[in-house]
Amino acid sequence: MKRVLIILAIITAAILVAGFYLWDSYDSKQLEMPDTYKTILERGYLIAGVKEDTKPFGYKDTDGTLKGLDIDIAKAIAKSIFRDENKLKLVSVTPSDRLIKLTTGDVDLVIATMTVTPQRMDLIDFSHSYFIAGQTVLVPVDSKITALSDLAGENAGVIFGTTAEKNLRTLVPTAKVFGYRTYNDAYKALKDGTIKAITSDDTILRNYALNDKSVRILNKRYSKEPYAVGIRKGKENKILLEKVNFVIKTLITNNSINHLYAKWGLR
Ligand code: GLU
C-alpha cells in the first residue's frame, strides 16, 4: 500500500512539473512574439494602409502620388520613428478590406477615415481621435430628398463596410441599398441615375459637391464619426500604439493639427 502511495505521489509530482514547464514555455513564447515596433525599425520603414479615393484624407494626385490629411499623419508617424517622413510605404485600402489588411499583417497600421466604433474595437485597437466627421447624404442638386428618411423605398448608394451602410440599413430599413467598393464607383452610379443618393461622411462627400455644381450635400448630420488610427490588438503592438498616440497628441498640443486641417480645407 505504501509503495502504491509513493508511486502515486511521484506521478502527481511529475504531472505538476510538466504542467509548470508547459505553461512557462507558453508564456516565454508569448514574450518572444516579435514586437511590431521592433519589426518596423528592422525593416527600415513603416507600412500604412490609406485611402486613394477619399479627398482630402487620402487620394491619388494627378502625378500618381497619394496625398491628404491621413497621409500627412502617416508621414508624421514615420518622421517620429525614423526622423525621416519618407521611410514610409503606403498601401491602398478600402472600407471593406482595411480591417483584413491590418489583422493579417499586410500593413502596420491603418489611417483611412476610419471611425472608432464599439464593434471595431472588439477586433482592433484605436489611437486617440484626430478628426470628427458626421454622416450625411449627397444628392443631385435638384433632388427632392431633404433627409435620410426620404431614402425609404429609394435606390441609395453606400460604400461597403462603412458606418453609413450600417446606419442606413438600421435607420431606413426600406431603402434599396446599392453597395459600392469605392467612392468613385458610387459617384458614377449617382451621376448615371442608378441611385438617388450616396450616404457617407460629410467631409468625404463635400468634396464631390465642391467640384461638381450638379450635386449637393444635405445640411443634416446623422452620426458622430471620430477618426483614429487602427492598430492590431495584443501586447506586441503596444509600443507602436503608444508612439502613434504620442504623435497625435503632439500634433494637437502644438497646434499642427489645425494647420493640417487648414491645408486640406477641413476647417
Ligand atoms: N468613417 C466611415 C467609416 O469608418 C467611412 C469611412 C470611409 O469611407 O473610409 O466607416
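Remember, it's 1-based here, ligands and their atoms both numbered in the order they're listed. Values reported hereafter were calculated over all heavy atoms of this structure, with side chains retained and with hydrogens, waters and symmetry mates removed. This chain uses plain numbering: 1 for the first residue, then up along the sequence. If you're wondering where the values come from, they're calculated on a predicted model, not measured in any experiment.
Side-chain contact check for Lys191 and Ser214: at least one donor-acceptor pair (N or O, by modelled atom type) lies under 3.5 Å. A donor-acceptor contact under 3.5 angstrom links the side chains of Tyr208 and Asn184, judged on distance only. Side chains of Thr115 and Thr117: no donor on one and acceptor on the other come within 3.5 Å.
Nearest protein neighbour of atom 5 (C) of ligand 1, counting heavy atoms only, is Asp201 OD2, 3.4 Å.
In the candidate list Thr203, Thr115, Thr163, Thr113, Thr163 is nearest to atom 10 (O) of ligand 1, counting heavy atoms.
By the criterion of a heavy-atom distance under 4.0 Å, neither the backbone nor the side chain of Ala164 is placed next to ligand 1. Only side-chain heavy atoms of Arg98 come within less than 4.0 Å of ligand 1; its backbone N, CA, C and O stay farther off.
Those atoms of ligand 1 with a heavy atom of Ala112 less than 4.0 angstrom away are 9 (O). Each of the atoms 7 (C), 8 (O), 9 (O) of ligand 1 lies under 4.0 Å from some heavy atom of Pro95. Every atom of ligand 1 with a heavy atom of Arg120 under 4.0 Å away is listed here by number and element: 3 (C), 4 (O), 10 (O). Atom numbering of ligand 1 starts at 1 in the shown order; those under 4.0 Å from a heavy atom of Met114 are 4 (O). Remark: ligand 1 atoms within the under-4.0 Å shell around heavy atoms of Thr162 are 5 (C), 8 (O), 10 (O). If you number the atoms of ligand 1 from 1 as listed, the ones under 4.0 Å from a heavy atom of Tyr227 come out as 1 (N).
Cation-pi geometry between Lys249 and Phe246 is not met at under 6.0 angstrom from the ring centre and within 45 degrees of the axis.
Side-chain contact between Ile81 and Lys87: absent, with no pair of heavy atoms (C-beta onward) separated by less than 4.5 Å.
Ring centroid separation for the pair Tyr187 and Tyr180 does not come in under the 6.0 Å cut-off.
For the pair Asp150 and Lys196, the salt-bridge criterion is not met [side-chain N within less than 4.0 Å of a carboxylate O]. In summary, Asp70 and Lys51 do not engage in a salt bridge, as defined by a charged side-chain N under 4.0 Å from a carboxylate O.
Taking 4.0 Å as the cut-off, Glu165 does not count as a neighbour of ligand 1 on heavy-atom distance. In this structure, Tyr183 is part of the shell of residues with a heavy atom less than 4.0 angstrom from ligand 1. The shortest heavy-atom distance from Ile159 to ligand 1 is not under 4.0 Å.
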